[in-house]
K.L.:
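The structure's right below; bear with me while I get my questions together.
Worth saying up front: this structure is predicted, and the values here are computed from it rather than measured. The basis for the numbers below is simple: all heavy atoms, side chains too, and nothing from hydrogens, waters or symmetry mates.
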Amino acid sequence: QFVLHPYTLWLADLGPHRLPLGWALLEVAEEPSNAVRAFCDRFAGASREARGEAEDGERPAPPEAPPAALGPRIVTDRSGPNLSRLGMLEDQHDAGKPVFDMLKNLSNQVRSWTADERAVFARLYHEKLRNTLPPHQHAVIAPRLPKPE
């Protein structure tokens, strides 16, 4: 719909200088331009790849199963909130995902946990997680942990 007066949306940083971030002129077209069609075609192709589909819509064979968990499970009891968090930490580690941020957050809270929960945390760290951290990350975590029993 045609508008008599333009609408302006002010996009500015929240700092003292209030500098504008940019402007855009948007118009409605009866038919998309060739550039828009090309972009949509590329985007659709990327979406098919992300979903794992071929050009004809067929799905390829599923990839091989992920490798088995690294070593035996340390957190076998998830009955409390802290043990549940430790279980999620171990799951992340076993899936090959980065765990440092989660480990750092948990190590800040460990002093308020029960002795049993602290023992499970220390065992998980020393038996499974420690060897996967670079030295500078270990230096951040180690002083916060109880010693293994």
Side-chain angles (χ1 to χ4, degrees), residues 7-26 28-29 32-149:
Y7 289 97
T8 300
L9 177 63
W10 181 257
L11 300 174
D13 75 297
L14 299 176
H17 304 293
R18 296 218 174 262
L19 299 174
L21 299 175
W23 291 265
L25 174 62
L26 306 177
V28 178
S33 68
N34 290 337
V36 171
R37 284 191 180 125
F39 172 79
C40 292
D41 290 343
R42 281 195 313 271
F43 183 75
S47 295
R48 279 194 296 272
E49 284 179 21
R51 289 191 311 266
E53 294 178 0
E55 288 292 322
D56 58 5
E58 296 277 328
R59 286 192 177 265
E64 294 181 25
L70 306 172
R73 299 290 298 176
I74 304 292
V75 184
T76 55
D77 175 16
R78 296 185 181 201
S79 59
N82 297 329
L83 293 174
S84 178
R85 289 186 201 115
L86 290 176
M88 288 188 302
L89 175 66
E90 187 173 18
D91 293 343
Q92 292 286 323
H93 173 268
D94 290 349
K97 296 181 180 173
V99 296
F100 177 70
D101 290 334
M102 189 175 185
L103 184 60
K104 186 177 172 184
N105 289 336
L106 290 174
S107 68
N108 285 332
Q109 303 166 10
V110 74
R111 291 178 191 232
S112 65
W113 294 3
T114 67
D116 290 338
E117 292 168 338
R118 287 194 307 271
V120 170
F121 188 53
R123 183 170 170 239
L124 174 63
Y125 180 79
H126 291 288
E127 291 182 19
K128 201 171 212 182
L129 305 178
R130 165 63 183 103
N131 295 331
T132 62
L133 293 179
H136 68 278
Q137 290 179 345
H138 171 67
V140 170
I141 302 297
R144 303 175 184 185
L145 296 178
K147 301 294 179 219
E149 295 177 7

K.L.:
Kindly write out the residues that satisfy side chain to side chain donor-acceptor pair (under 3.5 Å) with E127, not counting sequence neighbours, or none if the list is empty.
P.N.:
R123

K.L.:
List for me each residue that meets side-chain contact (heavy atoms from CB on, under 4.5 Å) alongside P134, sequence neighbours excluded, and say none if there are none.
P.N.:
H136, Q137

K.L.:
Please give me the minimum heavy-atom distance between L86 and L124, naming the atom from each residue.
P.N.:
O-CD2, 3.8 Å

K.L.:
If I take atom CG from residue L103 and atom CZ from residue F121, how far apart are they, to the nearest 0.5 angstrom?
P.N.:
5.0 Å

K.L.:
Please evaluate residues L133 and Y125 with respect to the criterion side-chain contact (heavy atoms from CB on, under 4.5 Å), reporting the C-alpha separation (whole Å), side-chain torsions for both, the decisive distance (0.1 Å), and the verdict.
P.N.:
CA-CA 10 Å; L133 293 179; Y125 180 79; 3.6 Å; yes

K.L.:
Could you work out, with side chain to side chain donor-acceptor pair (under 3.5 Å) as the rule, every residue matching E117, not counting sequence neighbours?
P.N.:
N82, T114

K.L.:
First locate atom CG of L129, then atom NE2 of H138, and finally report the distance between them rounded to the nearest 0.5 Å.
P.N.:
12.0 Å

K.L.:
Which heavy atom in M88 sits nearest to a heavy atom in M102, and how many Å separate them?
P.N.:
CB-CE, 3.7 Å

K.L.:
Please list, chain by chain and in numerical order, all residues satisfying side chain to side chain donor-acceptor pair (under 3.5 Å) with N108, sequence neighbours excluded.
P.N.:
R144

K.L.:
If you look at every heavy atom in I141 and S107, which pair is closest and at what distance?
P.N.:
CD1-OG, 3.9 Å

K.L.:
Just jot down the side-chain contact (heavy atoms from CB on, under 4.5 Å) partners of S33, sequence neighbours excluded, or say none.
P.N.:
A35, V36

K.L.:
With sequence neighbours left out, write down each residue that passes side-chain contact (heavy atoms from CB on, under 4.5 Å) with S79, or none if nothing qualifies.
P.N.:
D77, L83

K.L.:
Go through the steps to decide whether R111 and R118 satisfy the test side-chain contact (heavy atoms from CB on, under 4.5 Å), and finish with yes or no.
P.N.:
CA-CA 8 Å; R111 291 178 191 232; R118 287 194 307 271; 5.8 Å; no

K.L.:
Would you compute the distance between atom NZ of K128 and atom NE2 of H93 and round it to the nearest 0.5 angstrom?
P.N.:
6.5 Å

K.L.:
Report the residues that fulfil salt bridge (charged side-chain N to carboxylate O under 4.0 Å, His left out) with R78, sequence neighbours left out, ordered by chain and then residue number.
P.N.:
D91

K.L.:
Would you name the heavy atoms of V99 and Q92 that are closest together and state the gap between them?
P.N.:
CG1-CB, 3.7 Å

